[in-house]
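The figures that follow rest on heavy atoms only: side chains count, while hydrogens, waters and symmetry mates do not. Starting from 1, each residue takes its place in the sequence as its number. Keep in mind that this is a model prediction, so the values were computed, not measured.
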Amino acid sequence: MKSTVAIVVTYNRVSLLIENINHLLSQDFKDFDILIVDNDSTDGTGAALRPFIESKQILYHNTGSNLGGAGGFQRGIRLAVEGGYKYAWVMDDDCMPEETALSELFAADEKLGGKYGFLASKVLWKDGSVCNMNVQRKTLTKNVRDFSADLIPVAMSSFVSFFVKIETVFELGLPIKEFFIWTDDWEYTRRISKIYPCYLVTDSVVVHKSNSNIGANISNDSLDRLDRYRYLYRNDVYLYRREGLKGFFYILIRINWHALKTLFKAKNNRFKRIKIIFNGTISGFKFHPEIEFPEKSTLSD
């Protein structure tokens, strides 16, 4: 049995997913399985993947409903644990790992003697610049700016090429599915980094083929996307309230800054946007999801 599984969560992005799978199949390190966790896509994803499934190039799991990114990642990591793997390599369907991405993660694992909580890849955007939305954080509030070292200690990372030992999952639990979207990766990686040293591996490189190189911004996002921001502000409160007074003051400063920026920069629906910021934040103080822990069984396709 292979020791490692690459977990890809997808939803209605079949073209990007096929490209992602081809990048995974092109890795110079071959001793890993590929598990596609499909949030019940309606764009023909299942049919498009049938040749890969029949040739046993991938494992495929349909969740049966859209669990959001958070639910998909939790499901995938749970399946990895239950399948008896030792390592999980996690990513979105628009993540394109360079040929040596996984082998460099294992090189770092060997260099560190396995003494780490998680490893993360350097994430570039389509034009070769650093992908702003996936820059890891060195501390609770400070992003990595200098990428010159081979290994950079980090506190938080996205799930765009996140590498974790399964023994760590047994110890600290799974991502929180109730987050649905946003902050599930920050919360999970911070949960780990509070206990163990964690690292950005700059020689492990992936390209994030997102639509833009700008992170989520409620002040200028389209009207049809506004409602989802309630998850962002709610989930961020859960994350930062665990940090004590420092986290509380960070929340306070952040929401007021976002509200002011929205007030002066939003081109429409200013007060609706500001209301979402404050209502989402208030709901975060009432949000107490339970951390789930996996059980061992057998992974089936």
Side-chain angles (χ1 to χ4, degrees), residues 1-8 23-24 26-35 73-74 76-91 95 97-124 130 134-140 142-175 184-206 242-243 291 293-296 299:
M1 176 182 169
K2 295 177 181 177
S3 66
T4 305
V5 60
I7 300 165
V8 183
H23 276 267
L24 289 172
S26 298
Q27 292 294 297
D28 62 354
F29 181 93
K30 302 295 185 183
D31 190 27
F32 72 102
D33 287 330
I34 301 170
L35 170 62
F73 287 121
Q74 192 207 71
I77 294 174
R78 183 189 293 277
L79 289 170
V81 175
E82 293 172 350
Y85 294 97
K86 294 182 179 180
Y87 303 94
W89 183 28
V90 178
M91 66 195 72
C95 173
E98 293 192 353
E99 185 178 332
T100 60
L102 182 53
S103 61
E104 291 292 351
L105 291 171
F106 272 111
D109 170 270
E110 183 175 359
K111 184 175 182 178
L112 293 164
K115 295 179 179 180
Y116 61 88
F118 70 82
L119 304 176
S121 299
K122 181 179 179 180
V123 186
L124 304 179
V130 172
N134 301 120
V135 174
Q136 292 82 5
R137 285 194 177 172
K138 295 191 69 172
T139 68
L140 194 64
K142 294 182 179 179
N143 288 348
V144 174
R145 298 297 183 191
D146 182 359
F147 294 87
S148 59
D150 294 339
L151 292 172
I152 301 172
V154 294
M156 293 189 287
S157 174
S158 76
F159 280 161
V160 178
S161 194
F162 160 80
F163 185 85
V164 66
K165 293 174 289 184
I166 295 301
E167 64 186 50
T168 303
V169 181
F170 272 116
E171 179 185 355
L172 299 179
L174 295 158
D184 53 311
D185 44 10
W186 289 118
E187 184 282 325
Y188 193 57
T189 53
R190 180 57 178 153
R191 196 193 313 169
I192 296 171
S193 71
K194 286 172 75 74
I195 307 297
Y196 297 108
C198 303
Y199 300 92
L200 162 62
V201 182
T202 55
D203 287 334
S204 174
V205 178
V206 302
R242 294 187 314 194
E243 305 292 333
I291 294 174
F293 288 80
E295 297 178 1
K296 290 182 179 179
L299 179 65

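Side-chain contact check for Lys165 versus Tyr196: every heavy-atom pair is 4.5 Å or farther apart. Contact annotation: the side chain of Val206 never approaches that of Leu124 to less than 4.5 Å [non-hydrogen atoms, C-beta and beyond].
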Considering only distance and modelled atom types, tabulate donor-acceptor pairs under 3.5 Å from the side chains of residues 187-195, sequence neighbours left out.
from, atom 1, to, atom 2, distance (Å)
Glu187, OE1, Arg191, NH2, 2.8
Glu187, OE2, Arg191, NE, 3.0
Glu187, OE2, Arg191, NH2, 3.3
Glu187, OE2, Arg242, NH1, 2.7
Tyr188, OH, Gly173, O, 2.7
Thr189, OG1, Ser157, N, 3.0
Thr189, OG1, Ser157, O, 3.3
Thr189, OG1, Asp185, O, 2.8
Thr189, OG1, Trp186, O, 3.3
Arg190, NE, Glu243, OE2, 2.9
Arg190, NH1, Ser193, OG, 3.2
Arg190, NH2, Glu243, OE1, 3.1
Arg191, NH1, Leu172, O, 2.8
Arg191, NH1, Leu174, O, 3.0
Arg191, NH2, Leu174, O, 3.0
Ser193, OG, Ala155, O, 2.7
Ser193, OG, Thr189, O, 3.4
Ser193, OG, Arg190, O, 3.4

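Annotation for Pro294 and Phe170: closest pair O-CE2, 4.0 Å, computed over non-hydrogen atoms. Residues Asp28 and Ser103 share a closest heavy-atom pair of OD1-OG, 3.0 Å. For the residue pair Ala101 and Ser204, the shortest heavy atom distance occurs at O-OG, 2.8 Å. The two atoms that bring Phe73 and Met91 nearest to each other are CE2-O, 3.5 Å, heavy atoms only. The two residues Leu24 and Val8 make their nearest non-hydrogen contact at CD1-CG2, 3.7 Å. Smallest separation of non-hydrogen atoms from Ala80 and Ala88: CB-CB, 4.4 Å.
Taking the ring-ring contact (aromatic ring centres under 6.0 Å, His included) definition, one finds that Phe106 meets it with Phe29, Tyr87, Phe163, sequence neighbours left out. Listed by chain and residue number, Lys2 satisfy the salt bridge (Lys or Arg N to Asp or Glu O under 4.0 Å) test with Asp33 (two or more places apart in sequence, or in another chain). Looking at residues two or more places apart in sequence or on another chain, you find no side chain to side chain donor-acceptor pair (under 3.5 Å) involving Asp203. With sequence neighbours excluded, the residues satisfying side chain to side chain donor-acceptor pair (under 3.5 Å) with Asn143 are Arg137. For the side chain to side chain donor-acceptor pair (under 3.5 Å) test, no residue two or more places apart in sequence or in another chain qualifies with Tyr199. The side chain to side chain donor-acceptor pair (under 3.5 Å) check on Thr139 picks up nothing, with sequence neighbours excluded. The ring-ring contact (aromatic ring centres under 6.0 Å, His included) test applied to Phe118 returns Phe162, not counting sequence neighbours. Residues passing the side-chain contact (heavy atoms from CB on, under 4.5 Å) test with Ser26, sequence neighbours excluded: none. Residues passing the side-chain contact (heavy atoms from CB on, under 4.5 Å) test with Phe293, sequence neighbours excluded: Ile291.
Other residues, nucleotides and ligands place more than 12 heavy atoms under 6.0 Å from the NZ atom of Lys30.
Here the CG-OG distance, from Leu105 to Ser161, works out to 5.5 Å after rounding to the nearest 0.5 Å. Atom-to-atom distance recorded for Leu102:CG and Ser121:OG is 8.5 Å, nearest 0.5 angstrom. One distance of note links NZ of Lys138 with CG of Asp146; it measures 7.5 Å at 0.5 Å rounding.
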As a quick check of understanding, evaluate side-chain contact (heavy atoms from CB on, under 4.5 Å) for Val5 and Leu79, giving each step before the final call.
CA-CA 10 Å; Val5 60; Leu79 289 170; over 6 Å; no

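With Glu171 contributing its side chain and Ile166 its backbone, the two residues share no donor-acceptor pair below 3.5 Å. Side chain of Gln136 to main chain of Leu200: no donor-acceptor pair is present (N/O by atom type, distance under 3.5 Å, no hydrogens or angles).
Residue pairs meeting the side-chain hydrogen bond (donor to acceptor under 3.5 Å, both in side chains) criterion with at least one member in residues 104-113, sequence neighbours excluded, are Asp109-Tyr116.
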